[in-house]
Each structure stands twice: as C-alpha cells, then as structure tokens.
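To keep things clear, I will list the structure first and then write my remarks on it.
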Amino acid sequence: METQGHIAGSASALLGLLPFVLGSLAAPLVGIAGEHTAVPMGVVIFSASFLALVSYYGLVRKTSLAVQASR
C-alpha cells in the first residue's frame with residue numbers, strides 16, 4: 001500500500017475482503033470428506049501456504065528488490 005498512496009483506501013478494502021473470500025472458498029473444501037478425516041484440511045492448508053509462497057516470490061519480492069535498487 002506504500003507505493004499506492006492515492007488508492008490506499010481501495011487497497012485496504014481489498015486486503016480486508018480477501019480473507020473472507022478465501023475462507024468462504026476453503027470451508028467447503030475442508031469438509032468435503034466428512035468429519036472422520038483431516039486429509040482435506042491438510043491439503044487446503046498446504047495449498048494455501050504454497051500459493052502464499054509463490055505469490056510472495058512472484059509479486060512482493062520483485063517489487064521490494066526493485067525499490068531497494070532504486071534507493
């Protein structure tokens with residue numbers, strides 16, 4: 001949000017909405033096999049962690065390295 005000061009309110013709203021959207025998508029996937037196994041929950045947690053890692057290295061890290069190089 002630091003680099004997008006002119007639209008910080010919209011960026012904040014998006015960051016506030018995102019956990020609710022992702023939670024509403026993940027909740028049915030976690031319960032897909034019923035109450036007797038935790039495998040779907042483990043798969044969802046692993047998938048979310050992997051996507052977060054890919055997003056960090058794909059989006060955030062490149063931007064932060066570019067900002068540091070310009071200083």
Next on the checklist: Using the side-chain contact (heavy atoms from CB on, under 4.5 Å) definition, which of the options L29, I32, V30 pairs with M41?
Outcome noted: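 Checked L29, I32, V30 against M41; only one passes side-chain contact (heavy atoms from CB on, under 4.5 Å): V30.
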
Item to check | Of L59, L53, V60, the residue whose pairing with Y57 passes side-chain contact (heavy atoms from CB on, under 4.5 Å) | outcome: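 For Y57, the side-chain contact (heavy atoms from CB on, under 4.5 Å) check succeeds only for L53.
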
Item to check | Gap between atom CZ of F20 and atom CG of L25 - 0.5 Å precision | outcome: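 The CG atom of L25 sits 13.5 Å away from the CZ atom of F20.
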
Checklist entry - S12 side chain to A8 main-chain N or O, any donor-acceptor pair under 3.5 Å? => result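 Checked: no pair found.
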
